[in-house]
Visitor: 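A single structure is presented below for examination.
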2 protein chains.
Amino acid sequence: MSTDVEPSPLLGRVTITDVARAAGVSVPTVSKVVNGRYGVAAATSKRVLEVVEELGYETSLVASSLRRRQTNVIGILVAEFESFSVELLKGVSAAAAGTGYEVLAYSGLVTDGSPTGWERRSLSRLAGTLIDGAIIVTPTVLMPTTSIPVVAIDPHTGPGGPSTIDSDSVGGARSATRHLIELGHRRIAHIRGRGDLASAQLREEGYRQSLAEAGIAFDPELVRDGGYKAALTSDAARELLTRADRPTAVFAANDMSALGVLKVAAELGLRVPEDLSVIGFDDIPEAASATPPLTTMAQPLHDLGAQALQMLVQLLDGHDVPNHVQLPAKLVVRASTAAAPAA
Amino acid sequence: MSTDVEPSPLLGRVTITDVARAAGVSVPTVSKVVNGRYGVAAATSKRVLEVVEELGYETSLVASSLRRRQTNVIGILVAEFESFSVELLKGVSAAAAGTGYEVLAYSGLVTDGSPTGWERRSLSRLAGTLIDGAIIVTPTVLMPTTSIPVVAIDPHTGPGGPSTIDSDSVGGARSATRHLIELGHRRIAHIRGRGDLASAQLREEGYRQSLAEAGIAFDPELVRDGGYKAALTSDAARELLTRADRPTAVFAANDMSALGVLKVAAELGLRVPEDLSVIGFDDIPEAASATPPLTTMAQPLHDLGAQALQMLVQLLDGHDVPNHVQLPAKLVVRASTAAAPAA
DNA sequence: AGACGTTTCGAAAACGTTATCGATATCGAT
DNA sequence: ATCGATATCGATAACGTTTTCGAAACGTCT
């Protein structure tokens, strides 16, 4: 069974050349065997497979994808691996099982250069050579036409661009704000999301609509930027909550911001929900285990990811997909909202 | 500013050849410019950079990593993207910021072949060509010496293998079991984890130790396999909970199993924690939001991931790292455990 | 003007793989 | 024995990039 060629290249990977040499055949023949293509004798095939087994050879994804046209790998590009994107990732991954595609998640967080446009870099670096298609989460730029199919989750503002999927931000924001209004709140603040994302703009829009419906005047002083980040929210929240006429409720554009508000409220000695009601958006896992458990608008993150993958596979198969898909958001009442305190 | 060569290759990616042609220089020159190497005139460099900008060229990660020796990308290999591995991933990713390494997460879940040994395949496919080092989560096989540095989280059983990191399974299991004993439980069942992982064996060991300390006889009938999966736990739980002398408490080897027990208990009409106490292990996000919120042994998942990354970077820099690192597990009491019902 | 060092550039090879296609071996039929 | 069809295999090129190294151009000094 063992060949007379030295079997163990202690350093470096086992390449197809090693296998070919050990099996006494040419490199292309080994390639044919491992890829199960027609045109190689049964005896040769058997011998090659034995050597492959013996040396522990596996084809290099990089080299083969450089030569092949498709890799059967789809990439999901995220800025960083935090709760939101990772919940989507779970959905994508679950939906990918059985489709014949493997999932590669790439964090394009740039630590050196400009924080914007990382997707174009990452996508360019991977597209066409390593991945057949991509799902981009909360893109920071509107993607130009790329060489591979792309689906964006929670898309960037602006017309054109790839197929997108998100949940009903306007409707969700209206529900969230209405929930607060129904609890008797009148001074309701809003922590904005990342200004370049459509979702952030739409949530502010929903907030305004709901105020208007209830006949509450919009007060620009009650709207601050939180950038969808807990850290960025802190200063804004501190300003809002130390005002003489501080709001009795805050609608944060996402849960991370809402958690930031909770933290600041705790620092300031404000009780939630007795003194201040807080509602978020997303329903990331941390929301349920926060103190107090956060009332929020739940996005079907898992489904968003799963449907994004399905859309991408459709595209890869050459089918058309809707330009935009929207899933509903649902109010989840926990313990961070309550009736407004008596004036 | 614009060149007279057609600037827009509508299909396919922009390659270094396109840039070279458009800039009127050779391919190697473009390579030198974009990599900032010495030996190219300032004027030439400027012209090339303009064309790069104009065409939106980015080097192909695949092609360059095939030629280069290092890619500055580290891979984290997981069987699937579920809560446990994804929490680790967050830790890894957070720790990677600022190290100069980017993180690529690869789900090696095989849908066709054998469910075991996926890491060897995936690792081989990526190692040495696409990633400089790897973190493997709950490996299913003991990795042989590979061509790149590897750190394993929650390692496979057996001697040798790569550097590993995990949390104190024996101590954690003892604490968990002791918690139940202190609540007055005497018939305490155990749902085992994945038998090939050291953590599963050590948790059973801790369970037994704790019983022995309390003078409770070990009953093999009360130990079943759950494989760390909710689905696999169901049958085992049903068997256990429909026995005439059913246990009053269950220590599940991880939270997924514990959640599976909760589900079966609910189906059977058992109240938790009044009729049955359940404790898990891991403290994944779902634990806090379960009904009832799950008492569990918290693993510092974020830190495990972060430290794994640090170890890997140390290895990549040529430094030595401890062969094994262990972090503590901590009891988190929520609402799924209570005093044993009166006999 | 000649010799020599320096700068700038490109030709060629290489990384590991796969696709194409032509060469050889084998075989059955005439 | 010759022919043609078929099976099997390998030489070669190609994917996009980087590295090495030699050639050419240029400037400086005697």
Side-chain angles (χ1 to χ4, degrees), chain A residues 9 11-48 52 55-73 124-132 147-148, chain B residues 9 11-48 52 55-73 124-132 147-148:
Chain A
L11 295 185
R13 51 176 298 123
V14 178
T15 74
I16 199 173
T17 313
D18 301 326
V19 175
R21 188 160 25 222
V25 297
S26 76
V27 166
T29 299
V30 176
S31 175
K32 285 175 200 163
V33 170
V34 299
N35 291 318
R37 273 204 309 283
Y38 172 80
V40 41
T44 312
S45 181
K46 180 160 172 292
R47 182 155 39 95
V48 169
V52 164
L55 298 186
Y57 168 75
E58 289 290 346
T59 90
S60 157
L61 177 61
V62 165
S64 76
S65 69
L66 184 58
R67 189 58 173 80
R68 272 191 208 277
R69 270 320 175 194
Q70 84 173 47
T71 62
N72 287 333
V73 175
S124 296
R125 283 162 62 83
L126 304 179
T129 48
L130 186 57
I131 59 180
D132 293 344
S147 51
I148 59 171
Chain B
L11 294 184
R13 53 176 295 123
V14 178
T15 73
I16 198 172
T17 312
D18 301 326
V19 175
R21 189 161 23 224
V25 297
S26 75
V27 166
T29 299
V30 176
S31 175
K32 285 174 201 165
V33 170
V34 297
N35 291 316
R37 270 204 310 285
Y38 172 81
V40 39
T44 312
S45 181
K46 179 159 173 292
R47 183 157 35 96
V48 169
V52 164
L55 298 187
Y57 167 74
E58 289 290 346
T59 91
S60 157
L61 177 61
V62 165
S64 75
S65 68
L66 183 59
R67 189 58 172 81
R68 271 192 211 275
R69 270 321 174 192
Q70 119 179 71
T71 62
N72 287 333
V73 175
S124 296
R125 283 161 62 84
L126 305 178
T129 47
L130 187 57
I131 58 180
D132 293 344
S147 51
I148 60 170

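Naming: A, B, ... by sequence-line order, numbering from 1 per chain.
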Visitor: Taking 4.0 Å as the cut-off, does a side-chain nitrogen or oxygen of A/Y57 come that near to OP1 or OP2 on C/dG16?
Guide: no
Visitor: Round to a whole Å and report the spacing from CD1 of A/I16 to C1' of C/dC15.
Guide: 13 Å
Visitor: If each of B/T44 and B/A63 is mapped to the nucleotide of DNA chain C with the nearest heavy atom, which maps nearer the 5' terminus, i.e. the 5' end?
Guide: B/T44
Visitor: Roughly how far apart are A/L126 CG and A/D132 CG, rounded to 0.5 Å?
Guide: 11.5 Å
Visitor: Without decimals, in angstroms, what is the distance between A/D18 CG and C/dC15 P?
Guide: 11 Å
Visitor: Base, sugar-phosphate or nothing for A/R37? Non-hydrogen atoms, less than 4.0 Å.
Guide: sugar-phosphate
Visitor: For B/L66 and C/dA13, what is the distance between atoms CG and P respectively, to the nearest whole Å?
Guide: 18 Å
Visitor: Give B/S31 one of three labels, base, sugar-phosphate or nothing, depending on what nucleic acid heavy atoms sit under 4.0 Å from its own.
Guide: base
Visitor: Would you say B/R68 places a side-chain N or O within less than 4.0 Å of OP1 or OP2 belonging to C/dA14?
Guide: no
Visitor: Within the 4.0 Å heavy-atom criterion, would you say A/V62 contacts the bases, only the backbone, or no part of the nucleic acid?
Guide: nothing
Visitor: To the closest 0.5 Å, what do you measure between CZ (B/R68) and CG (B/N35)?
Guide: 5.0 Å
Visitor: Drop me the distance from A/L61's CG to A/T71's OG1, to the nearest 0.5 angstrom.
Guide: 6.5 Å
Visitor: Let me spell it out: for each of A/A41 and B/N35, pick the nucleotide of DNA chain D with the closest heavy atom. Which residue's pick is nearer the 5' end?
Guide: A/A41
Visitor: With rounding to the nearest 0.5 angstrom, report the CD1 to CG distance, A/I16 to A/L55.
Guide: 12.0 Å
Visitor: Report the C-alpha distance between B/L130 and A/L130 in whole Å, list the side-chain angles of each, state the deciding distance to 0.1 Å, and finish with yes or no for side chain to side chain contact (heavy atoms under 4.5 Å, CB included).
Guide: CA-CA 10 Å; B/L130 187 57; A/L130 186 57; 3.6 Å; yes
Visitor: For C/dA11, which nucleotide in any strand shown is its Watson-Crick or wobble partner with both distances under 3.5 Å?
Guide: D/dT20
Visitor: If I take atom NZ in residue A/K32 and atom P in nucleotide C/dT20, what distance separates them, rounded to the nearest angstrom?
Guide: 11 Å
Visitor: What's the spacing between A/S65 OG and A/N72 CG if we round to 0.5 Å?
Guide: 11.0 Å
Visitor: To the nearest 0.5 Å, what is the distance between NZ (A/K32) and OH (A/Y38)?
Guide: 11.0 Å
Visitor: First and last nucleotide of DNA chain D in contact with chain B, 5' to 3', at under 4.0 Å to a heavy atom: what are they?
Guide: D/dG16 to D/dT19
